[in-house]
Amino acid sequence: MASHKEKHQDETAIDRMNTHLTDASTRIANNKKIILISAGVILVVAAFVLSYLFIYKNPHVEKAFEEYNGIETQAITDSVAAQQYMDIADRYKSDDAGKLAALSAGEALYNEGRYEEAAEYLKKFSSKDDLLESNALVLTGDCYVNLGNYDEAIKYFQKAVRKAEGNPQIVPRVLLKEANVYDAQGNYGKALECYQQIKTNFPQFQLGNGMEIDAYIAREIARMAE
């Protein structure tokens with residue numbers, strides 16, 4: 001059996017990995033322009049907005065987007081942004097601008113460490129773009145990791161994997177997060193499955209920490225044998 005000291009060292013390593021992965025997720029979530037450009041979604045969003053503003057001329061929708069874009073262009077703190085996004089999300093909850101505001105509110109609240117509120121607003125976001133929605137699900141899972149609700153975190157990470165549909169940039173990153181949560185729970189068999197999925201389905205994925213996926217697989221096998 002592993003000693004208390006060894007377990008503590010493992011937990012510390014897991015915490016570092018989770019922090020690294022969460023930071024990466026936050027950077028992706030905070031820079032929606034990069035997500036949209038890399039996924040080719042910016043054209044879809046632009047077309048959607050233009051169709052509303054210039055074809056349907058819906059004053060309600062136009063006002064919602066104007067308010068949302070007004071916040072996007074301001075240099076304000078996460079705390080102030082969160083409150084403003086929350087207000088738009090609550091007032092325009094059935095509109096696409098309101099849904100985008102819910103996503104942005106979730107991001108800002110997450111950055112403020114207000115994880116429970118962040119998860120609440122992230123759940124209000126929905127999109128026809130699977131990659132954007134997948135990233136929202138990942139961030140929701142991160143909220144639950146920080147809240148210590150590992151079962152709920154795993155649920156949202158699994159939803160994100162399904163929504164991403166094999167995307168090589170998103171899926172292996174989420175599987176790493178899921179494996180870390182299983183490790184924290186002592187469920188090494190499930191963690192092993194995640195690492196094996198990465199090795200089999202995403203052989204080109206780089207962990208970014210100097211370790212190879214085989215080392216993680218060997219670690220889980222050793223843990224299961226203890």
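These figures come from a predicted structure and were not determined experimentally.
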Tell me, with the steps shown, if Asp151 and Gln185 meet side chain to side chain contact (heavy atoms under 4.5 Å, CB included).
CA-CA 9 Å; Asp151 288 339; Gln185 293 179 317; 3.0 Å; yes
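- Tyr144 and Tyr121 are members of different hydrophobic clusters when ILVMFWY side chains are connected at heavy-atom separations under 4.5 Å.
- Applying the 6.0 Å contact sphere to NZ of Lys124 captures more than 12 heavy atoms from other residues, nucleotides or ligands.
- Rounded to the nearest 0.5 angstrom, Asn187 CG and Glu193 CD are separated by 8.5 Å.
- Side chain of Thr140 to main chain of Ala119: no donor-acceptor pair is present (N/O by atom type, distance under 3.5 Å, no hydrogens or angles).
- Ion pairing between a basic and an acidic side chain is recognised when a charged N comes within 4.0 Å of a carboxylate O; Arg223 and Glu226 show no such pairing.
- Within 6.0 Å of the NZ atom in Lys199, the count of heavy atoms belonging to other residues, nucleotides or ligands does not exceed 12.
- At a threshold of 4.5 Å between non-hydrogen side-chain atoms, the residues Asp183 and Tyr188 count as touching.
- Counting heavy-atom neighbours within 6.0 Å of Glu212 CD, excluding the residue itself, gives a total of 12 or less.
- Using a 4.5 Å cut-off between side-chain heavy atoms of Ile, Leu, Val, Met, Phe, Trp and Tyr, with links allowed through other members, Phe125 and Leu109 fall into different hydrophobic clusters.
- Annotation: side chain of Glu117 is in contact with side chain of Met86 (closest heavy-atom distance under 4.5 Å).
- Among Phe205, Tyr182, Tyr195, the single residue meeting the ring-ring contact (aromatic ring centres under 6.0 Å, His included) criterion with Tyr216 is Tyr195.
- For CD of Glu116, the number of neighbouring non-hydrogen atoms (other residues, nucleotides, ligands) closer than 6.0 Å is 12 at most.
- Atom OG of Ser79 sits about 4.5 Å away from atom CD of Glu112, to the nearest 0.5 Å.
- At least one donor-acceptor pair under 3.5 Å links the side chain of Asn180 to the backbone N or O of Leu176.
- A 4.5 Å side-chain heavy-atom check between Glu178 and Gln158 finds at least one atom pair inside the cut-off.
- Minimum interatomic distance between Pro172 and Ile198 (heavy atoms only, all atoms of both residues): O-CD1, 3.6 Å.
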Full working for side chain to side chain contact (heavy atoms under 4.5 Å, CB included) between Ile71 and Ser104:
CA-CA 10 Å; Ile71 301 173; Ser104 295; over 6 Å; no
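- A single hydrophobic cluster is seen to contain both Val161 and Ile154, as judged by linkage of ILVMFWY side chains at heavy-atom distances under 4.5 Å, directly or through other members.
- Once rounded to the nearest 0.5 Å, the distance linking OG of Ser134 with OH of Tyr156 reads 13.5 Å.
- Nearest heavy-atom pair, Ala97 versus Ile88, reported as atom, atom and distance to 0.1 Å: O-CG2, 4.4 Å.
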Determine whether Tyr92 and Glu67 satisfy the following criterion, side chain to side chain contact (heavy atoms under 4.5 Å, CB included), listing intermediate values before the conclusion.
CA-CA 10 Å; Tyr92 300 103; Glu67 290 187 34; 2.9 Å; yes
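- Using a 4.5 Å cut-off between side-chain heavy atoms of Ile, Leu, Val, Met, Phe, Trp and Tyr, with links allowed through other members, Leu132 and Leu122 fall into the same hydrophobic cluster.
- Looking only at side-chain heavy atoms (C-beta outward), Lys177 and Val181 stay at 4.5 Å or farther from each other.
- You'll find the ring centres of Tyr115 and Tyr110 inside the 6.0 Å limit.
- Thr200 contributes a side-chain N or O that, together with a main-chain N or O of Gln196, makes up a donor-acceptor pair within less than 3.5 Å.
- Hydrophobic clustering (ILVMFWY, side-chain heavy atoms < 4.5 Å, transitive): Val80 and Leu100 are in one cluster.
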